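To start, the structure under review is shown below, and the notes come after it.
Worth saying up front: this structure is predicted, and the values here are computed from it rather than measured.
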Amino acid sequence: MKLSWGFLTCLGLVSQASSQSYWYETIAHQGVSPYNPQGSAYQVFRNVKAFGAKGDGVTDDTAAINAAISSGSRCVEGPPPGGCQSSTTSPAVVYFPEGTYLISSSILPYYFTQLIGNPNAMPVLKATASFSGLGLIDADPYGSSVPDYVTTNVFYRQIRNFVFDTTNVASGTQVRGIHWPTSQATSLQNCVFQLSQASGNQHQGVFIENGSGGFLTDLVFYGGSPAMSIGSQQFTSRNLTFHNSVTAISQLWDWGWTYIGLSINNCGTGLDISATGTVNGVANGLEVGSVTLIDSTISNTPIGIRTSRASGTYPETGGSLALENVVLTNVPTAVQGPSGVSLAGTTGTMTIGAYVEGNSYSASSTTPTTIAGTVSAFPRPASLLSGSDYYTRSKPQYQNLAVSQFSSVRTAGARGDGVTDDSAAIQSIITSATAAGNIVYFDAGIYKVTTTIYIPPGAKLVGETYPVIMGSGSYFSDVNNPQPVVRVGSTAGESGVVEWSDMIVSTQGAASGAILIEWNLASPAATPSGMWDVHTRIGGYAGSDLQVAQCAVGAAQPNTNCIAAFQSMHITPIGSGVYMENVWLWSADHDIDDSQDTQITVYSGRGLLIESSTGNVWLIGTAVEHHTLYQYQFTNTQNVFMGFIQTETPYYQPSPEATSPFSPVVSRNDPDFGVYCAGRPSTCNDAWALRILSSHDMLVYGAGLYSFFDNYSTDCSAHNATVYNEVCQTQIFGIDEGGSSETYSGSTVYIYGLNTLGSVSMIDRDGTSIAAQSANTNMYTEIVAMYVT
Ligand SMILES: *[C@@H]1O[C@H](CO)[C@@H](O)[C@H](O)[C@H]1NC(C)=O
Ligand SMILES: *[C@@H]1O[C@H](CO)[C@@H](O)[C@H](O)[C@H]1NC(C)=O
Ligand SMILES: *[C@@H]1O[C@H](CO)[C@@H](O)[C@H](O)[C@H]1NC(C)=O
Ligand SMILES: *[C@@H]1O[C@H](CO)[C@@H](O)[C@H](O)[C@H]1NC(C)=O
């Protein structure tokens with residue numbers, strides 16, 4: 001029998017087209033944004049081809065793509081009153097099917113835009129020869145002289161699955177792939193940059209000049225000079241590959257930056273951290289604070305790392321550097337200093353076990369040793385490794401699955417309108433889809449729940465942009481009997497694996513008894529559970545009832561209507577094997593939906609508590625901010641990888657002090673500031689950023705623990721040519737320190753690249769200040785390059 005082509009297609013026997021198709025392109029697009037001024041008419045999902053983009057490699061698609069972005073009521077950049085600084089009410093996913101899209105001027109993604117390409121047939125954004133603009137994608141265009149969105153307040157955006165091609169542009173003309181000044185809960189993932197490979201070219205793949213990032217992963221660069229030109233307060237970057245770049249990475253400035261898994265091939269210079277400028281009024285100061293580089297390879301590149309740090313350079317801890325497990329093949333100079341080779345390389349192959357430049361401390365030393373040389377590598381727990389590298393895993397996009405394998409929560413009857421109680425509908429679809437082996441797809445929306453949502457072993461959940469699960473009502477209001485909004489694995493103890501990505505867990509109004517995420521599930525270290533781009537957000541957005549109107553800074557404090565969470569996240573003693581990547585646990589300091597980003601006072605008791613007795617937790621690019629008692633606390637746990645971790649102390653403290661409004665719970669090993677701070681200055685009563693109690697093999701590869709404010713004033717952390725204040729709080733990071741009964745002991749802690757800001761003491765252990773800020777000064781933070789045990 002002779003079958004016609006059409007007949008085969010009808011039967012679904014021709015799989016050619018489907019191997020390139022992507023479930024997200026074809027799934028029903030039912031996402032909503034209930035607080036958008038357009039109401040139900042607001043469109044979250046936009047396919048650029050529906051807006052006239054051709055993707056044929058011939059038509060200029062710039063205007064059509066920008067029309068897809070700007071359609072509807074969106075947050076258009078610019079200073080108020082005309083422009084918008086930030087908004088949670090106008091999320092957009094701008095989707096690009098396969099194609100080559102010719103671009104003549106910048107694509108301008110507004111606030112809260114996800115640009116997503118088909119990962120099975122990655123769309124190409126190709127610059128015309130006469131392209132003009134700061135980047136093919138300019139995510140924060142310049143107004144008069146500064147970026148339109150304040151770079152440190154740019155949250156919730158992603159770009160993934162694109163090829164950027166600037167090769168039409170003359171090699172000597174400056175052109176960039178992405179201009180990406182950005183902050184927490186943002187990412188670039190799975191992009192390829194085809195740049196000029198000519199010597200002396202002026203092409204760059206990624207340009208970041210400012211912000212408080214952020215996460216970059218799975219990027220491949222061909223050419224560029226440099227391929228990446230980047231500066232930010234702190235950042236985590238993983239799995240970046242460079243071929244034939246004049247310089248792979250030029251670090252403009254930073255406080256701390258963690259690189260995991262760089263692969264640098266056939267470049268001139270690998271990582272250039274030698275930038276200098278006027279720092280605190282001093283000329284020729286080192287602008288790069290600290291860099292941590294691990295699990296990387298550099299091949300056929302004359303200079304691996306270029307630095308300006310040397311004996312006597314300013315500031316004293318500038319250019320702090322830590323390398324661990326870096327393999328060099330034909331890299332004659334490993335580290336090039338300002339006037340000579342700091343670490344020799346090889347024309348053969350060698351592995352740098354560990355190499356550190358900067359100030360070093362141990363548990364028994366209270367004065368720093370300034371070092372520049374090889375050191376013992378940190379002992380790596382086998383359970384955290386894959387081969388000799390730390391285990392890593394990128395956010396799954398499920399690109400090989402058919403659309404029939406996804407179960408939409410809105411199709412299942414959940415509304416996501418911020419008003420309807422969606423508890424039963426959500427629980428029902430999570431249970432049934434997981435039993436059927438399907439993935440639970442959360443369409444964009446705000447899903448109000450009034451009881452705990454339970455996630456069983458085997459569940460996979462994925463959100464469209466960032467749908468919100470919002471705990472509301474009396475169930476979450478008893479501070480003496482806290483209840484989870486989302487519980488992963490039952491309290492009876494369960495094993496299995498869960499995958500969860502692109503979502504926010506939140507609360508509405510007073511919720512002093514809400515634990516936003518409770519993790520009881522035990523997963524194997526070899527195949528851990530994962531959380532990618534899953535965040536908590538406590539207050540500061542439309543629908544939360546925790547905005548400027550309810551939680552004004554000037555109100556009488558503590559304002560009980562704004563006690564909004566007991567805890568952001570808790571991994572209990574029976575939970576284990578958790579991989580967390582690009583996770584931001586945020587108790588709001590300002591109202592994202594206020595036109596002036598006005599500050600608010602919202603109280604959340606605790607940040608991230610890890611008590612897992614087995615441990616095996618990876619924290620890759622995580623941040624925890626503005627919780628009352630602590631940001632990160634580890635109790636009786638082990639085998640934890642952290643890099644980069646970032647915190648901020650609540651801006652209101654110490655007014656009220658950290659003793660208010662939450663009483664310490666002894667069974668949860670809460671800090672008891674009433675005891676610990678007796679007889680000490682008022683600024684002792686500020687939240688701990690990082691507290692490690694009786695825990696082993698705690699490995700920190702880059703940290704930034706910041707305290708900018710006292711009672712909403714930054715005078716306590718002011719830095720300029722004449723003033724260098726670091727007095728917002730007396731202590732910020734404690735090891736076996738400050739418990740209600742002081743019975744903690746024996747922790748083993750290993751740190752590279754510790755930044756603190758606004759704290760008199762940088763590390764406290766067993767009742768002693770180990771590292772004083774005054775001994776480790778830098779541009780803005782203070783930096784300890786290495787601390788061991
Ligand atoms: C970064 O932005 C902040 C304001 O958000 C500004 O004060 C600072 O000067 C900027 N830094 C650089 C290096 O552009
Ligand atoms: C690194 O990124 C490349 C390109 O996206 C990908 O193929 C590879 O699997 C990634 N490797 C790791 C270890 O994540
Ligand atoms: C905190 O600042 C406010 C506003 O400046 C002031 O009125 C109040 O007295 C301050 N509180 C303390 C304890 O200093
Ligand atoms: C430095 O900062 C202090 C404290 O904020 C301020 O009083 C002073 O005017 C500043 N000096 C300069 C030169 O900016």
Side-chain angles (χ1 to χ4, degrees), residues 260 294-295 324 377-393 457 487-491 493-500 515 517-532 534 567-581 583 585 606-622 624 630-645 667-669 688 690-703 733-736 739 743-752 787-789:
I260 304 168
I294 66 166
D295 294 352
E324 193 179 277
F378 293 169
R380 297 183 169 206
S383 58
L384 292 178
L385 303 182
S386 167
S388 55
D389 295 348
Y390 285 103
Y391 173 90
T392 56
R393 186 176 167 205
R487 168 177 277 149
V488 182
S490 77
T491 52
E494 285 182 311
S495 55
V497 174
V498 158
E499 295 175 5
W500 189 9
I515 297 170
I517 301 171
E518 180 188 274
W519 201 285
N520 303 301
L521 189 67
S523 305
T527 54
S529 289
M531 255 173 80
W532 297 265
V534 174
Q567 170 113 50
S568 255
M569 181 167 174
H570 183 192
I571 302 181
T572 67
I574 59 175
S576 64
V578 190
Y579 181 87
M580 295 167 63
E581 189 169 272
V583 170
L585 308 181
R606 302 143 188 91
L608 173 62
L609 173 62
I610 300 185
E611 299 186 291
S612 169
S613 59
T614 303
N616 301 328
V617 178
W618 294 259
L619 304 176
I620 312 252
T622 64
V624 185
Y630 58 80
Q631 310 316 317
Y632 293 85
Q633 179 168 308
F634 300 89
T635 313
N636 299 318
T637 189
Q638 58 180 332
N639 303 338
V640 180
F641 176 95
M642 300 171 233
F644 192 95
I645 58 169
S667 63
R668 290 172 185 267
N669 294 286
W688 290 101
L690 174 57
R691 212 164 164 249
I692 296 176
L693 308 173
S694 306
S695 295
H696 299 270
D697 293 307
M698 308 298 291
L699 297 133
V700 183
Y701 290 83
F733 167 27
I735 304 172
D736 294 338
T743 56
Y744 311 111
S745 64
S747 291
T748 54
V749 182
Y750 305 85
I751 308 175
Y752 294 127
Y787 168 86
V788 174
T789 76

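- The shortest distance between side-chain heavy atoms of Ser523 and Val578 does not fall below 4.5 Å.
- Atoms CD and NE2, from Gln633 and His570 in turn, are 9.5 Å apart once rounded to the nearest 0.5 Å.
- With contacts defined as side-chain heavy-atom distances shorter than 4.5 Å, the pair Phe634/Val749 does not qualify.
- Taking all atoms of both residues into account, the shortest heavy-atom contact from Leu521 to Ser495 is CD1-C, 3.8 Å.
- Gly496 approaches Pro524 most closely through the heavy-atom pair O-CD, 4.4 Å.
- In this structure, Phe378 and Ile751 have side chains that are not in contact, with every pair of non-hydrogen atoms separated by 4.5 Å or more.
- Side-chain contact check for Asp736 versus Ser694: some heavy-atom pair is nearer than 4.5 Å.
- In this structure, the separation between CD on Glu518 and OG on Ser490 is 9.5 Å, given to the nearest 0.5 Å.
- Aromatic rings from Tyr391 and Trp618 are positioned such that their centres are separated by under 6.0 Å.
- Rounding to the nearest 0.5 Å gives a distance of 9.0 Å between CZ of Phe641 and OG1 of Thr392.
- With sequence neighbours excluded, the residues satisfying side chain to side chain contact (heavy atoms under 4.5 Å, CB included) with Pro573 are Glu611.
- In terms of heavy atoms, Asp295 sits closest to Ser388 at OD1-O, 4.3 Å.
- Side-chain contact between Ile294 and Arg380 is present, with at least one heavy-atom pair separated by less than 4.5 Å.
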Quiz prompt | Stepwise side chain to side chain contact (heavy atoms under 4.5 Å, CB included) check, Ser695 with Val640 | solution = CA-CA 9 Å; Ser695 295; Val640 180; over 6 Å; no

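- Here the CE atom belonging to Met642 is positioned 11.0 Å from the OH atom belonging to Tyr701, to the nearest 0.5 angstrom.
- Judged purely by distance below 3.5 Å, without hydrogens or angles, the side chains of Asn520 and Thr572 pair a donor atom with an acceptor atom.
- Residue Ile574 comes nearest to Thr491 through the heavy atom pair CD1-O, 3.5 Å, listed as atom of the first residue, atom of the second, then distance.
- Ile735 is listed as a side-chain neighbour of Tyr787, based on a closest heavy-atom distance under 4.5 Å.
- Shown here are the side chain to side chain contact (heavy atoms under 4.5 Å, CB included) partners of Ser612, two or more places apart in sequence or in another chain: Ile571, Ser576, Ile610, Thr614, Thr637.
- Annotation: side chain of Tyr630 is not in contact with side chain of Val624 (no heavy-atom distance under 4.5 Å).
- Atom CE of residue Met698 and atom CD of residue Gln638 lie 10.0 Å apart, to the nearest 0.5 angstrom.
- Residues Tyr744 and Asn669 form a side-chain contact, since some pair of their non-hydrogen atoms from C-beta on lies under 4.5 Å apart.
- With rounding to the nearest 0.5 Å, the separation of CZ in Phe644 from OG1 in Thr622 is 10.0 Å.
- Taking both residues in full, the closest heavy atoms of Gln567 and Arg668 are given as OE1-NH1, 4.4 Å, listed atom of the first, atom of the second, then distance.
- Remark: Thr748 engages His696, Asp697, Tyr750 in a side chain to side chain contact (heavy atoms under 4.5 Å, CB included) (not counting sequence neighbours).
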Quiz item: Given Leu699 and Tyr390, is the side chain to side chain contact (heavy atoms under 4.5 Å, CB included) satisfied, shown in steps?
Solution: CA-CA 11 Å; Leu699 297 133; Tyr390 285 103; 3.9 Å; yes

Quiz prompt | Derivation of the side chain to side chain contact (heavy atoms under 4.5 Å, CB included) call for Phe733 and Val700 | solution = CA-CA 13 Å; Phe733 167 27; Val700 183; over 6 Å; no

